[in-house]
Amino acid sequence: MTEPILQTRNLKKNFGKLEVLKGISVDIRKGEVVSIIGPSGGGKSTFLRCLNLLEIPDEGQIFYQGQDITDKKLKITKYRQGIGMVFQHFNVFPNMTVLENVTLAPTLEKKVPAEQAKEEAMALLTRVGLADKADEYPRKLSGGQKQRLAIVRALAMKPEVMLFDEPTSALDPEMVKEVLNVIRELTRSGMTILIVTHEMGFAREVSDRVLFICDGVIKEEGTPEQIFTCPHEPETIKFLSMVL
Amino acid sequence: MDKIIKIWLKYYPVYLSGLWGTLWISAVTVLLGAMLGMVVALIRMSHTKVLKGITDLFVEILRGTPILLQLYFFWIALPKIVPFELSDTQCIVAALAVNASAFISEIIRAGIGAVDKGQWEAARSIGLSETHVMTRVILPQAVKNILPALCNEFIATVKGTSLASVFFVGELMTSYKTVQSATFLALQSLVIAGMIYFALNYVLSRLLRVIERRLMVSD
């Protein structure tokens, strides 16, 4: 087993009086693909968002390569550059072309020369089949194309970890496949990946490990085989019987 | 009616210089007001409690007192505070700009607030600094919301400058007073000023429509 790249210890998050995360501890190893499943409102997305500090946890620690990133002195910006995130609603920048969406962060924050950034961006866009859209504005793209762009935008920063927050939930059914194909390809490249998803078939296929999060805790975890064929916890059994 | 025409033919240079005064005072007011308003808006959205409290109070006071009172206040107080000579016009422009900044800061704040929350998150998630999040992602999108409202503010300012005639600073209402006291034809000279104001604002609001439509296209 390789060393853990991301660890959380007793992670807690409240929204007002609502306890969304009630203490989550998990080790994510380098190169591991982890799917997070569970009922809506169970804390899956909040957990994922805590991992790049879009939500600041109220209690507990997050360690990235051994360093505590909940430490107030840490530069959040620098840390986030190593963690890519893809959102349910794409959130591509409508005021920039497809290419500019991708080159923005590398040129601004990593000082990559414009030419090189463009070259790398084009290579990534080609990989997801968007090279011919490079000079278009995102309003001309379909949902699936927007999400592929969002993935490329995150990859352009060469992150160590990619977080996917329900990447296909806002897509029309016929576009789900094209996005999943891109993610599937990534899972084979050895990148560390966490996916919150409702695509059970996909989770089963690509994951090394599945976490079942419910009521703000990890109720059950294991290999896809264990979780999908012989779940132990009653909540897991109930949830799977409803979605499968 | 023929009296109006007669007055116009004789005194149109007075009105035109008044119109010019109104235009440049409005333009400078909105420009300075926008710059100051931007600063106020950014402070009000920041997390620095003390500064935020001060700017909140600043906006509340300016919105909660009559603009005429503010003009008098600047006219009386400003020359006593600053170490250099100030003309009446400069005092009045300063007052109008500060007043406009309160309203413009609200416009800017609302414009920024209307940008989808996901844009902030996406910009942060790719590791942009807070400055770049603002300047590269949020503000360019907020401008679309801000610009039309800012044009409206410009129209309101054009009308607001008429109050400056209390201090005879050479805008359109001052022109009216000059003509009125020269001709003793109060109503007719007032109607001319009114028509000029109306024509000016009509053109401005048409222009505003065009700008709005342009912005919509690029959505």
Undergrad: Taking all non-hydrogen atoms of both residues into account, name the closest pair between B/L128 and A/E109 and its distance.
TA: CA-OE2, 3.5 Å
Undergrad: Work out which heavy atom in B/G127 is nearest to a heavy atom in A/Q81; give both atom names and the distance.
TA: O-NE2, 3.0 Å
Undergrad: Where on A/M85 is there a heavy atom nearer than 4.5 Å to chain B: the side chain, the backbone, both, or neither?
TA: both
Undergrad: Looking at chain B, which one of A/F90, A/F87, A/Y137 has the largest number of heavy-atom pairs inside 4.5 Å, strictly under?
TA: A/F87
Undergrad: Is the CH2 atom of B/W75 crowded by more than 12 outside heavy atoms at less than 6.0 Å?
TA: no
Undergrad: So for A/F93, is it side chain, backbone, both, or neither that comes closer than 4.5 Å to the heavy atoms of chain B?
TA: both
Undergrad: Atom NZ of residue position A/K111 - does it have more than 12 heavy atoms of other residues, nucleotides or ligands inside 6.0 Å?
TA: yes
Undergrad: Rounded to the nearest 0.5 Å, what separates atom CD in B/Q141 from atom CG in A/N95?
TA: 4.5 Å
Undergrad: Which bit of A/L54 is near chain B, if near means a heavy-atom gap under 4.5 Å: side chain, backbone, both or neither?
TA: side chain
Undergrad: Is the count of non-hydrogen atoms from other residues, nucleotides or ligands lying under 6.0 Å from B/Y12 atom OH greater than 12?
TA: no
Undergrad: Looking at every non-hydrogen atom in both residues, tell me the closest pair between B/A122 and A/N91 and how far apart they are.
TA: CB-O, 3.4 Å
Undergrad: Set out, in order, the CA-CA distance, both residues' side-chain angles and the distance that settles side chain to side chain contact (heavy atoms under 4.5 Å, CB included) for A/M96 and B/V137, then state yes or no.
TA: CA-CA 9 Å; A/M96 299 171 208; B/V137 177; 4.1 Å; yes
Undergrad: Looking only at heavy atoms, what is the nearest atom pair of A/V92 and B/Q119, with distance?
TA: O-NE2, 2.9 Å
Undergrad: Just wondering, more than 12 heavy atoms not from A/E174 lying within 6.0 Å of its CD?
TA: yes
Undergrad: Find the distance between CD1 (B/I126) and CG (A/L108) and round it off to the nearest 0.5 Å.
TA: 8.5 Å
Undergrad: Quick check: closest heavy atoms across A/N52 and B/S125, and the distance to 0.1 Å?
TA: ND2-CB, 3.8 Å
Undergrad: Could you grab the distance from atom CD1 of A/I76 to atom CD of B/E130, nearest 0.5 Å is fine?
TA: 8.5 Å
Undergrad: Grab the two heavy atoms, one from A/L104 and one from B/R136, that are nearest each other, plus how far apart they are.
TA: CD1-CB, 4.1 Å
Undergrad: Can you check whether anything in residues 118-133 of chain A gets within less than 4.5 Å of chain B, heavy-atom wise, and list it by number?
TA: none
Undergrad: With a 6.0 Å cut-off (strictly less than), is the heavy-atom count around CZ of A/F15, excluding the residue itself, greater than 12?
TA: yes
Undergrad: Check the surroundings of atom CZ in B/R209: do more than 12 heavy atoms from other residues, nucleotides or ligands lie under 6.0 Å from it?
TA: no
Undergrad: Can you confirm whether A/K75 is buried at NZ, in the sense that more than 12 heavy atoms of other residues, nucleotides or ligands lie under 6.0 Å from that atom?
TA: no
